[in-house]
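Note that this is a predicted model, so its numbers are computed, not measured.
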Amino acid sequence: MKIVVRMNGIERELEVEPLRRLLDVVRVELGLTGTKEGCGEGECGACTVLVDGVAVNSCLVPVCQVDGARVTTIEGSGFEPEQRAFLEEGAAQCGICTPGMIVMTRAFTERCSAEGRVPTLDDARTALAGNLCRCTGYGAILRAALAAAKERA
């Protein structure tokens, strides 16, 4: 099947099996290895990407569903506030969950900015609940999410 997708701002035409996971197309066909596979079942959030601005687990999305869509991976632009906050708060350790956490944090911070509100710690916990980290406590990650939201506001 031929699909057209705007990947990180660049229009790409791909010949792929329609039910192939978006995660595999991103990593294998496009060589964008920042998006990680954690569980492969949509439980950990390591493979989170933005599809038309909405955070999704790319391990659960058949590539045929993104035909004509805008897909943004961690390699895309616009993640500077989140990346800076994660760096400054020491919110990363092994790196498997970090890209998905940053992508989800961007969706969270953009939503808060669009709504014109300052998020609370509980808001950050709720937004990042689908992203698991096995290396660190969530304190630094939540502080990073709130710092990024403050910067985007």
Side-chain angles (χ1 to χ4, degrees), residues 5-10 12 14 16 20-63 65-66 69-153:
V5 63
R6 182 164 289 284
M7 183 66 63
N8 295 329
I10 300 169
R12 304 292 301 262
L14 304 167
V16 292
R20 184 131 192 225
R21 299 181 312 169
L22 175 58
L23 171 63
D24 297 323
V25 172
V26 165
R27 289 184 58 82
V28 177
E29 270 70 39
L30 299 174
L32 300 171
T33 57
T35 303
K36 307 295 186 206
E37 179 164 7
C39 67
E41 298 177 353
E43 297 292 328
C44 73
C47 66
T48 304
V49 299
L50 301 176
V51 176
D52 291 332
V54 177
V56 300
N57 292 323
S58 63
C59 71
L60 297 179
V61 177
V63 72
Q65 290 186 352
V66 299
R70 289 175 297 112
V71 177
T72 307
T73 69
I74 190 68
E75 289 91 352
S77 63
F79 290 99
E80 292 79 11
E82 291 78 19
Q83 290 170 331
R84 188 172 23 264
F86 269 67
L87 179 65
E88 290 172 359
E89 292 295 336
Q93 285 194 11
C94 83
I96 296 295
C97 74
T98 306
M101 290 276 192
I102 290 172
V103 171
M104 183 62 81
T105 297
R106 178 173 168 187
F108 166 65
T109 60
E110 286 182 344
R111 187 173 58 250
C112 291
S113 179
E115 294 171 357
R117 65 184 183 84
V118 177
T120 66
L121 184 58
D122 283 341
D123 293 333
R125 280 189 184 112
T126 299
L128 295 172
N131 293 74
L132 303 179
C133 178
R134 291 169 180 86
C135 295
T136 187
Y138 290 90
I141 292 167
L142 295 171
R143 284 192 306 274
L146 292 173
K150 184 176 181 180
E151 184 174 336
R152 275 208 190 269

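A donor-acceptor pair is defined here as one N or O able to donate and one able to accept, closer than 3.5 Å; such a pair exists between the side chain of Glu80 and the backbone of Gly78. Formation of a donor-acceptor pair under 3.5 Å by the Ser113 side chain with backbone atoms of Thr109 is not found in this model. Checked by atom type and distance alone, the side chain of Tyr138 never pairs as donor or acceptor with a backbone atom of Leu128 at under 3.5 Å.
Among all heavy-atom pairs drawn from Glu75 and Leu32, the shortest one is OE2-C, 3.3 Å.
In this structure, Arg12 and Arg6 have side chains that are not in contact, with every pair of non-hydrogen atoms separated by 4.5 Å or more.
Between Phe108 and the choices Val103, Asp123, Thr126, the side chain to side chain contact (heavy atoms under 4.5 Å, CB included) rule is met once, by Asp123. With Val26 as the fixed residue, the side chain to side chain contact (heavy atoms under 4.5 Å, CB included) test singles out one of Thr33, Val63, Thr35, Val5: Thr35.
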Distance-only check: which donor-acceptor pairs under 3.5 Å involve side-chain atoms of residues 45-57, not counting sequence neighbours?
from  : atom 1 : to    : atom 2 : distance (Å)
Thr48 : OG1    : Gly45 : O      : 2.6
Asp52 : OD1    : Arg70 : N      : 2.8
Asn57 : ND2    : Gly42 : O      : 3.2

Given Asn8 and Thr73, is the side-chain hydrogen bond (donor to acceptor under 3.5 Å, both in side chains) satisfied, shown in steps? CA-CA 7 Å; Asn8 295 329; Thr73 69; 2.9 Å; yes
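For the pair Arg143 and Glu89, the salt-bridge criterion is met [side-chain N within less than 4.0 Å of a carboxylate O]. Salt bridge annotation for Arg20-Glu29: present, with a cationic side-chain nitrogen under 4.0 angstrom from a carboxylate oxygen. A salt bridge does not link Arg27 to Glu37: none of the charged side-chain nitrogens sits closer than 4.0 Å to a carboxylate oxygen.
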